[in-house]
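Encoded as structure tokens, the structure appears first; notes follow it.
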2 protein chains.
Amino acid sequence: MSSDSSSGTEQKIVEAAKKVFLEKGFDGARMQHIADEAGINKASLHYYYRSKERLFDKIFADAFMEFLPKIGRIMNSNIDFFDKIKAIVEHYINILSHNPHLPVFVLYELNRRPEKLLEMLKTTGVEPQQLKIIIDREVAAGRIFEIDFVNLIVNILSLCIFPFVGKPIIKGFIMQND
Amino acid sequence: MSSDSSSGTEQKIVEAAKKVFLEKGFDGARMQHIADEAGINKASLHYYYRSKERLFDKIFADAFMEFLPKIGRIMNSNIDFFDKIKAIVEHYINILSHNPHLPVFVLYELNRRPEKLLEMLKTTGVEPQQLKIIIDREVAAGRIFEIDFVNLIVNILSLCIFPFVGKPIIKGFIMQND
DNA sequence: GTCTATATGCAGATAGAC
DNA sequence: GTCTATCTGCATATAGAC
């Protein structure tokens with residue numbers, strides 16, 4: 001029906017692969033499973049992405065971009081400092097609510113191949129130095145307590161992300177929903 | 001040198017298996033790798049633990065017990081409330097410093113088989129209800145701000161654990177050590 | 001209890017018809 | 001571009017000598 005280069009099939013593959021890889025990880029995922037999920041043949045996977053490795057790389061890059069990237073853009077915007085933090089927090093709550101497996105997946109796979117981190121950070125365009133400048137300015141102006149900027153970032157990430165990462169444990173602890 | 005049922009070999013196997021499983025996860029681990037690490041033959045692994053699955057179960061149970069269990073015991077002790085929190089925090093900092101892979105491993109594998117959580121919690125003897133009672137008492141006495149006890153626990157765990165889980169990312173962010 | 005050699009099954013990848 | 005059939009290698013697991 002069209003000469004469109006990104007056919008519906010490729011879209012289906014990406015969605016299916018994302019689902020399976022995020023649930024099972026690279027080693028646990030099966031090409032057959034991804035094919036079934038996408039409703040196509042296993043051989044077609046290799047037609048579009050020559051290997052499992054290549055398919056995974058695409059999914060992982062996507063996942064990583066969802067996991068980290070917006071921080072830089074929010075921090076560089078002109079809104080109030082506390083609104084920035086609020087925006088970051090809401091950003092994470094939102095994404096992770098729809099994608100509970102995302103953080104464990106990213107962190108786990110990043111352990112497998114730490115060397116990929118640097119290239120990922122470049123792709124996302126995050127500029128850590130600017131965060132430090134912004135936070136130092138707020139501290140100097142007395143608007144927030146003095147705190148090492150690394151601590152602040154780590155704490156924010158901790159409080160946002162871990163509740164989702166640890167959800168199964170927390171649920172087991174409390175024996176109820178949410 | 002003895003009729004001791006847990007020979008040196010079994011000890012070597014457990015240590016090697018722990019190392020490999022924590023680094024690679026169940027799917028990524030190779031029995032050959034574990035055997036090499038222990039300095040024994042692959043067949044001996046099956047002699048002691050009949051399958052990869054059984055060996056893994058042992059390692060996972062151990063890891064889980066290191067990850068969660070002491071909280072209950074600390075909370076039930078008679079020391080001051082804030083000292084309890086301090087004890088828990090120090091407990092984690094200590095364990096995770098020596099075992100950085102532990103949290104990702106536990107969380108990741110728990111995703112693979114959520115059904116194992118309940119039996120794990122029973123084994124560790126953690127009693128969530130008691131935490132709530134203790135915290136509610138502190139709130140009523142005005143010694144701490146009113147806070148839902150689930151929030152408090154989750155926050156503490158977040159701030160203790162995530163910095164280790166996210167270490168590779170944080171390192172990449174800051175481009176320096178620790 | 002520990003080894004070598006081997007059986008078995010499965011997953012990633014390719015060949016080739018349509 | 002999509003399928004069926006097949007090749008290939010590898011990982012778990014077992015058999016059996018020592």
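A, B, ... follow the sequence lines: proteins, then strands. Residue 1 opens every chain.
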message: Counting C-beta onward and ignoring hydrogens, is there a side-chain heavy-atom pair between A/Tyr49 and A/Glu10 closer than 4.5 Å?
response: yes

What is the distance, rounded to the nearest whole Å, between atom [atom1] of [X] and atom [atom2] of [N]?
X: B/Asp27; N: C/dA11; atom1: CG; atom2: P; answer: 11 Å
X: A/Ile34; N: C/dG12; atom1: CD1; atom2: C1'; answer: 11 Å
X: A/Asn41; N: D/dA5; atom1: CG; atom2: C1'; answer: 11 Å
X: A/Lys12; N: D/dT2; atom1: NZ; atom2: C1'; answer: 12 Å
X: A/Phe21; N: C/dA11; atom1: CZ; atom2: P; answer: 14 Å
X: A/Tyr47; N: D/dT4; atom1: OH; atom2: P; answer: 17 Å

- prompt: Hey, what's the ring geometry for B/Phe60 with B/Phe64, parallel, tilted or perpendicular (30° and 60° as the breaks)?
  reply: tilted

task: Give, for atom CD1 of B/Ile74 and atom CD1 of B/Ile88, the distance between the pair rounded to the nearest 0.5 Å.
output: 5.0 Å

message: Let me confirm one number: the CZ-OH distance from A/Phe164 to A/Tyr92, rounded to the nearest 0.5 Å.
response: 12.0 Å

Residue-phosphate contact under 4.0 Å: A/Thr9 side-chain N/O, D/dT2 OP1/OP2: yes

- request: Name all residues meeting the side-chain hydrogen bond (donor to acceptor under 3.5 Å, both in side chains) criterion together with B/Asn99; count only those two or more places apart in sequence or in a different chain, and write none if there are none.
  value: none

- prompt: Taking only residues two or more places apart in sequence, or in another chain, which ones meet A/Tyr108 in a side-chain hydrogen bond (donor to acceptor under 3.5 Å, both in side chains)?
  reply: none

statement: Out of D/dG1, D/dC3, C/dT2, minimum distance to the side chain of A/Tyr48 belongs to D/dG1

statement: Contact string for nucleotides 11-18 of chain D, one letter per nucleotide 5' to 3', B = base within protein heavy-atom range under 4.0 Å, S = sugar-phosphate only, - = neither, reads SBBB----

